[in-house]
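The block underneath contains the structure these notes are about, expressed in structure tokens.
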Amino acid sequence: MSINWLRFVSPSLKKPPLFHLCHLPPPPSSSSAVIVAMSYDKELAAAKKAASLAARLCQKVQKALLQSDVQSKNDKSPVTVADYGSQALVSFVLQQEFPDNFSLVAEEDSKDLRKGGGQEIVERITKLVNDSLTIDGSYNVTLSTEDVLKAIDNGRSEGGSQGRHWVLDPIDGTKGFLRGDQYAIALALLDGGKVVLGVLACPNLPLTSLSDAGQHSQNNKVGCLFFAVVGGGTYMQPLDGSSAVKVQVSAVENPEEASFFESYEAAHSMHDLSSLIAQKLGVKAPPVRIDSQAKYGALSRGDGAIYLRLPHKGYREKIWDHAAGCIVVSEAGGVVTDAAGQPLDFSKGKYLDLDTGIIVTNQKLMPLLFNAVRKSIQEKASSL
């Protein structure tokens with residue numbers, strides 16, 4: 001799959017645009033030409049398979065959680081089982097498909113599971129993983145508890161600017177998962193430090209726009225899989241694997257008509273700062289607060305026009321919280337930058353070095369949003 005570079009830089013432009021799309025590779029020159037010429041068809045198929053399997057495992061755990069009358073609200077074991085089970089499944093599938101070149105940067109490791117008292121949870125995880133593999137039927141194997149723990153520990157890679165690294169958040173939005181609300185399995189591929197592929201499995205996201213979800217359209221069906229490859233656009237399909245459709249971000253140009261997403265949890269984003277930015281833009285609709293990278297998926301298909309993530313000072317963003325969502329929005333025609341207008345750099349290891357936060361919108365709204373963000377940050381700082 002080759003990239004049409006005219007999509008990014010018009011011959012009539014004498015200098016590159018201010019805002020770049022998710023730190024995508026530059027036009028071909030030496031080493032980057034390798035990325036441009038590369039097809040990621042096999043990687044995409046494996047990523048979709050792994051994320052879909054993990055999503056089904058998580059759905060099974062969440063369904064049992066929500067149906068149980070005896071689960072204590074303080075009992076986090078269901079999300080623990082789903083989280084580790086998801087990572088073990090994704091790790092196993094990817095290693096089977098790419099045994100000679102496998103590196104995974106992921107959120108979890110098995111350290112806590114190996115402590116005393118963790119054996120019961122490990123056995124539950126192992127059973128769920130094996131049940132998922134049996135139902136899928138692609139791999140004729142039964143994993144031991146140690147096999148599962150090793151699969152989880154495959155996620156200890158540090159990533160970086162060299163080679164290929166898969167990036168995984170096995171359950172993004174654990175509090176949403178526990179509430180029976182939004183969460184996502186987020187999987188991306190870095191090649192030479194650039195995000196070249198992303199998959200978001202969102203088991204509870206409606207197939208139609210969030211604004212239509214209350215109207216019981218399509219029998220209120222939920223479960224979306226978003227996927228994107230650099231230069232190839234963004235697609236959405238039901239988690240059951242039926243046909244995919246190409247999606248685009250909202251084309252709204254007037255900020256007064258824009259709706260915006262922000263994190264459900266106030267700890268993840270300064271809601272007061274988001275409110276000030278919305279006020280400066282003249283946004284009239286209240287913010288839509290949902291958990292996880294499901295926000296990126298919803299924005300990629302035009303459910304909203306703006307996503308603001310402005311965490312409190314000292315918070316460090318991890319690459320697995322944004323890698324998949326970033327390319328899904330960028331390939332749908334959106335723009336993802338930090339608060340200084342710089343593209344997100346996934347080449348530095350597990351963390352993103354950011355100016356203040358992350359802003360996401362379409363290309364026409366970005367200059368207005370950027371100015372509102374900077375002015376609001378300055379006002380907030382001067383008031384302290």
Side-chain angles (χ1 to χ4, degrees), residues 42-65 77-99 102-114 118 120-157 165-174 177 183-189 197-204 223-227 237 239-241 292-294 320 323-324:
K42 182 179 178 182
E43 289 80 359
L44 178 61
K48 289 172 64 178
K49 179 186 185 69
S52 297
L53 277 174
R56 287 197 285 273
L57 180 149
C58 293
Q59 284 175 304
K60 184 175 181 179
V61 176
Q62 191 184 57
K63 182 179 180 181
L65 167 68
S77 63
V79 74
T80 299
V81 168
D83 200 27
Y84 284 109
S86 172
Q87 182 157 319
L89 259 182
V90 171
S91 171
F92 174 79
V93 170
L94 294 179
Q95 190 169 35
Q96 291 298 303
E97 299 298 330
F98 307 101
F102 177 62
S103 171
L104 178 66
V105 185
E107 187 170 20
E108 308 298 349
D109 63 47
S110 73
K111 181 174 61 177
D112 289 339
L113 293 176
R114 292 179 184 273
E120 181 188 350
I121 286 183
V122 174
E123 289 174 358
R124 288 167 62 189
I125 295 167
T126 302
K127 183 178 187 310
L128 276 167
V129 169
N130 280 322
D131 287 349
S132 301
L133 292 173
T134 298
I135 292 169
D136 174 65
S138 300
Y139 308 101
N140 185 21
V141 63
T142 299
L143 303 183
S144 67
T145 55
E146 185 60 29
D147 292 332
V148 167
L149 292 171
K150 286 180 179 178
I152 292 168
D153 283 337
N154 283 336
R156 287 176 170 171
S157 172
H165 307 281
W166 293 96
V167 178
L168 171 68
D169 194 332
I171 292 186
D172 186 23
T174 53
F177 179 90
Y183 66 99
I185 293 87
L187 180 61
L189 178 63
L197 178 157
V199 174
L200 287 176
C202 306
N204 289 337
C224 302
L225 186 74
F226 298 90
F227 57 94
Q237 67 185 111
L239 266 175
D240 65 14
S292 83
Q293 289 179 71
W320 51 72

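Since the model is a prediction, treat every value here as computed from it, not as a measurement.
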message: So Phe102 and Ser91, do their side chains get closer than 4.5 Å, heavy atoms only?
response: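 Ser91 vs Phe102: side chains touch.
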message: Do Pro203 and Tyr183 have side chains that approach each other closer than 4.5 Å (heavy atoms only, starting at C-beta)?
response: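 They are in contact (side-chain heavy atoms under 4.5 Å apart), so the answer is yes.
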Between [X] and [Y], do the side chains contain an N or O donor and an N or O acceptor separated by less than 3.5 Å?
| X | Y | result |
| --- | --- | --- |
| Ser132 | Lys60 | no |
| Gln95 | Asn154 | yes |
| Asp147 | Ser144 | yes |

How far apart are the closest heavy atoms of [X] and [Y], and which atoms are they?
| X | Y | answer |
| --- | --- | --- |
| Gly85 | Val129 | O-CG2, 3.8 Å |
| Ala82 | Phe177 | CB-CZ, 3.7 Å |
| Ala323 | Ala188 | CB-CB, 3.7 Å |
| Leu57 | Ser86 | CD2-N, 4.1 Å |
| Leu197 | Ala47 | CD2-CB, 3.9 Å |
| Ala324 | Leu200 | CB-CD2, 3.8 Å |

So how far is it from [X] [atom1] to [Y] [atom2], rounded to the nearest 0.5 Å?
| X | Y | atom1 | atom2 | answer |
| --- | --- | --- | --- | --- |
| Leu94 | Leu187 | CG | CG | 5.5 Å |
| Glu120 | Ser77 | CD | OG | 8.0 Å |
| Leu239 | Gln59 | CG | CD | 6.0 Å |
| Gln293 | Asp172 | CD | CG | 4.5 Å |
| Leu189 | Leu168 | CG | CG | 12.5 Å |
| Arg124 | Thr80 | CZ | OG1 | 8.5 Å |

query: Hey, mind stepping through Leu133 and Gln96 against side chain to side chain contact (heavy atoms under 4.5 Å, CB included) and telling me if it holds?
result: CA-CA 12 Å; Leu133 292 173; Gln96 291 298 303; over 6 Å; no
Between the side chain of [X] and the main-chain N/O of [Y], is any donor-acceptor distance below 3.5 Å?
| X | Y | value |
| --- | --- | --- |
| Gln87 | Ile152 | yes |
| Asp169 | Ala186 | no |
| Lys42 | Phe98 | no |
| Asp83 | Val79 | no |
| Glu108 | Ala88 | no |

- request: Applying side chain to side chain contact (heavy atoms under 4.5 Å, CB included), run through Ile185 and Val199 and close with a yes or a no.
  value: CA-CA 8 Å; Ile185 293 87; Val199 174; over 6 Å; no
message: Parallel, tilted or perpendicular, judged at 30° and 60°: which one describes the rings of Tyr139 and Phe92?
response: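 Because their plane-to-plane angle is over 60°, the rings of Tyr139 and Phe92 count as perpendicular.
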- request: Evaluate the criterion side chain to side chain contact (heavy atoms under 4.5 Å, CB included) for residue pair Val105 and Ser157; output intermediate values, then yes/no.
  value: CA-CA 5 Å; Val105 185; Ser157 172; 3.9 Å; yes
message: Ile125 and side chain to side chain contact (heavy atoms under 4.5 Å, CB included): which single residue from Val81, Leu89, Leu149, Thr145 fits?
response: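 Of the listed residues Val81, Leu89, Leu149, Thr145, the side chain to side chain contact (heavy atoms under 4.5 Å, CB included) partner of Ile125 is Val81.
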- prompt: Does atom CG of Asp240 have more than 12 heavy-atom neighbours, drawn from other residues, nucleotides or ligands, at distances under 6.0 Å?
  reply: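 Yes, the 6.0 Å shell around CG holds more than 12 heavy atoms from other groups.
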- request: Kindly indicate, with the supporting measurements, whether the criterion side chain to side chain contact (heavy atoms under 4.5 Å, CB included) is fulfilled by Ser138 and Lys49.
  value: CA-CA 10 Å; Ser138 300; Lys49 179 186 185 69; 2.7 Å; yes
